[in-house]
**Q** 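Sending over a structure as structure tokens; questions will come in a sec.
Residue numbering restarts at 1 for every chain, and letters A, B, ... go by the order of the sequence lines.
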Amino acid sequence: MTIEDLERSAEQIRASDLIDIESGQISREIFVDDRIHKMELENLFPRAWLFVGHASQVPNAGDFFSSWMGSDPVLMTRDDKGEVFVLLNSCRHRGMRVSRYDEGNTMQFTCPYHAWSYSIDGSLVDVPGDLHGVPHMKSAYQGMLDKAKWGLVRCPRVHNYKGLIFATWDPEAPDFEEYAGEFHWWLDNLTDAFDGTEGETEVFRGVMKWRIKSNWKFVSENFLGDTYHGASTHASVEAVGIGPGGRGKRRHGERQNQGGFSKGRMKTSFRLGHGASDNLAYELPYPEFAEPELTEYFDAAWAKRAEKLRAEGRPLGGRGPATMFPNMSFSAGFPRTILVAHPISATETEVWRWFIVDKSAPDHVREWLRQYYMRYAGPGGMTEQDDMENWDYATQASTGVVARRFPYNYQQGLGREQLSELPGAVHSDHAIAGEVNARAFYRRWSEFVDNLDWPELTRRASVDDRVDAIIGREAAEA
Amino acid sequence: MTATQEGTTEMTSPTPMERMALHYEISDFLFREADLLDERRYTEWLDLLADDYQYSVPMRMNVKYDDVARLEQTREGAEVCWFDEPKDTVEMRVTQLETGVHWAEEPVSRVSHLVTNIRLDEISLPEVEVSCRFLVYRNRVADETDFLVGRRRDRLRRVGDDWQVCRRTLLLDQSVLLAKNLSIFV
Ligand code: FES
Ligand SMILES: [Fe+2]
């Protein structure tokens, strides 16, 4: 096979041919095939709004945090006017990664290779007598190099949503608000303080980063609405009980008198690809703690939040777990944490976890949460450890030539979707089972991977044909 | 070595022979402890941990040379670590391992804890501060293999004629964890 043959065969692949939403079947190829992975890197990640980091990681002028957007390393920085930038972390001269630090504070980024220097907002520094942006500017370039044109590539679209920094490389992409749609309610619950004060949250220092031998979509799908896996995958941690209620109490700390954790916990699926394991009407009060002073603190926060939101006519639910398309997942309750699944290859992912805390949290609350987060989540977390085992070996056992011939099954709740009050969304009809979220996620995924243009992407998301199907079905039943 | 009024012993200026004997005794204790872990004799292993045991594994970061002392590790007690927990949580982990449905360790991994470069940093009996290097090798299922290597500080306490670990801090030499999880005790 020549390179041209390979390229031609790659052209022939259509992501939409590999997913069959109507019958609930998805080809394993999309989780293991290198060509699909390349199409994702080219057509999906540079066009979607991606989570880069939290504003509280760069509180001061000159602060920076290293992150990734799809296949590209980026720097999230803050300049002396307080503006947050996202810059491609690759020198314009020969591509050297200008910063290999995870975070820090700097006056400028000086490339180690030939010392081109960039200011914190990415421009080629040129302050006479202070910094020299380009060594030998006069003799090497006769002073002709247009420094204004050769700064670090700046991400054209950056959006700060209550401290969450999102960015996209695509100048044509819709505004962040449109991209998020009504899913923003979950982002609000993630970023607002436990007592409902808007945006009054920050992250703990320390982002967990670890490698798994799994396709990134396993991770996104898991938090998108796979509550079905909990009973089996997390049987061991449930048996121990690591939750707020203390040893022997359930890991999420739900109260015993609320009629069961999952009653009414229908999932929410957005035509835009986002999904949540719960719905806004599912009002789950904060847990009861083994320590009475914590119960008191969180009861007061819940009461204050309930009062504020009810006054605004807002429901109190919507804590996730949830995934914002394509690869940012989070939980807005216990624990409260953000995850990004960075694609490394078709079968490898680098997972990052940030942990959120109220800015105003008193020390004992902060410390309780920190310890809970560590024993719950991340590679050492007693809950998350078992997820990785499943994602890795599911990926491995799906790479075989024969295995690839057999699609995965996504038929839970097929044709049983329920109407939602939220535009562009439907619900599952079952709290635990229901793969409606995954079906919508992969449909959106195929639309991006097949490189539909923005007018078409927007058009398709503007009418949720699932709603018509539900109305038709209900009419037929009546 | 002199006996104090409280009946504890203080090694203010141990002789070389006393130091060697203590070094030998403590090394032997640490090797025995590693065996208990690798043989999954968790109940016996937990007995070697003091009730006030604290287990910490800070995360490591790539920072500038000048910032290493201040910022290279996340801070125990305040920032996110791989582990930063009391004995109670360690016991929960043992309970989880013993459920038989903890899939991350089912089938069980093959684990070897190697302890080396042992030095007694501070002798103030009944406690001794020990520094060492660790190499934890894990192999599971077939080709899944992890090497966790780094420095370790242990604070040991003389209890009767044996020892207990009351503080353990490990510095793992990775910033991005290359193992998919940490379902074993490092
Ligand atoms: S590669 Fe950066 S200055 Fe040459
Ligand atoms: Fe899980």
**Q** Would you mind telling me which of Val186(B), Val101(B), Thr95(B), Val176(B) has the largest number of heavy-atom pairs within less than 4.5 Å of chain A?
**A** Val176(B)
**Q** For the OH atom of Tyr101(A) and the OH atom of Tyr65(B), what is their distance to the nearest 0.5 Å?
**A** 11.5 Å
**Q** Under 4.5 Å heavy-atom distance to chain B, tell me which part of Ala235(A) shows up: side chain, backbone, both or neither.
**A** both
**Q** Is Tyr393(A) close to chain B through its backbone or its side chain, or both, or neither, when contacts mean heavy atoms under 4.5 Å?
**A** side chain
**Q** What distance separates Asn105(A) CG from Lys64(B) NZ, expressed to the nearest 0.5 Å?
**A** 7.5 Å
**Q** Go through Asp386(A) and His102(B) one step at a time and tell me if the side-chain contact (heavy atoms from CB on, under 4.5 Å) criterion holds.
**A** CA-CA 7 Å; Asp386(A) 290 320; His102(B) 183 23; 2.8 Å; yes
**Q** For Val237(A) and Gln96(B): C-alpha separation, side-chain torsions, deciding distance, then whether side-chain contact (heavy atoms from CB on, under 4.5 Å) applies.
**A** CA-CA 6 Å; Val237(A) 71; Gln96(B) 183 179 31; 3.7 Å; yes
**Q** Pick from Val141(B), Leu97(B), Thr89(B): which one has the most heavy-atom pairs with chain A under 4.5 Å?
**A** Val141(B)
**Q** Under the salt bridge (Lys or Arg N to Asp or Glu O under 4.0 Å) criterion, do Glu144(B) and Lys213(A) qualify, and how do the steps go?
**A** CA-CA 10 Å; Glu144(B) 193 183 343; Lys213(A) 297 267 189 304; over 6 Å; no
**Q** By a 4.5 Å heavy-atom criterion (distance strictly below it), what part of Ser232(A) contacts chain B: side chain, backbone, both, or neither?
**A** both
**Q** Side chain from CB out, backbone as N, CA, C, O: work out which of these in Arg370(A) comes under 4.5 Å of a heavy atom of chain B, or both, or neither.
**A** side chain
**Q** Picking from Glu85(B), Met59(B), Met92(B), which has the most non-hydrogen pairs under 4.5 angstrom with chain A?
**A** Met92(B)
**Q** Short question: side chain of Arg366(A), backbone of Ala78(B) - any donor-acceptor pair under 3.5 Å?
**A** no
**Q** Taking side chain as everything from C-beta outward and backbone as N, CA, C, O, which of these in Val203(A) sits under 4.5 Å from a heavy atom of chain B? Side chain, backbone, both or neither.
**A** neither
**Q** Answer with side chain, backbone, both or neither: which region of Asp387(A) has an atom nearer than 4.5 Å to a non-hydrogen atom of chain B?
**A** neither
**Q** With rounding to the nearest 0.5 Å, note down the distance linking CZ in Phe204(A) to SG in Cys81(B).
**A** 11.0 Å
**Q** Using atom types as modelled and distance alone, determine if a side-chain donor or acceptor of Trp103(B) lies under 3.5 Å from a backbone N or O of Met388(A).
**A** no
**Q** Which bit of Glu367(A) comes within less than 4.5 Å of chain B, counting heavy atoms only: side chain, backbone, both or neither?
**A** side chain
**Q** Taking the side chain as everything from C-beta on, heavy atoms only, tell me whether Val80(B) gets closer than 4.5 Å to Met208(A).
**A** yes
**Q** Give, for atom NZ of Lys180(B) and atom CD of Glu389(A), the distance between the pair rounded to the nearest 0.5 Å.
**A** 4.0 Å
**Q** Measure distances from Glu384(A) to the heavy atoms of chain B and classify the residue's part below 4.5 Å as side chain, backbone, both or neither.
**A** neither
**Q** Given a strict heavy-atom distance threshold of 4.5 Å, which part of Glu106(B) is in contact with chain A: side chain, backbone, both, or neither?
**A** backbone
**Q** Using non-hydrogen atoms and a 4.5 Å limit, figure out which bit of Met61(B) sits close to chain A: side chain, backbone, both or neither.
**A** both
**Q** Under 4.5 Å heavy-atom distance to chain A, tell me which part of Asp84(B) shows up: side chain, backbone, both or neither.
**A** both
**Q** Please state whether the side chain, the backbone, both or neither of Gln371(A) comes within less than 4.5 Å of a heavy atom of chain B.
**A** side chain
**Q** Examine whether an atom of Thr106(A) lies under 4.5 Å from a heavy atom of chain B, and if so say whether it belongs to the side chain, the backbone or both; otherwise answer neither.
**A** both
**Q** Measuring from Lys209(A):NZ to Arg60(B):CZ, what's the distance to the nearest 0.5 Å?
**A** 14.0 Å
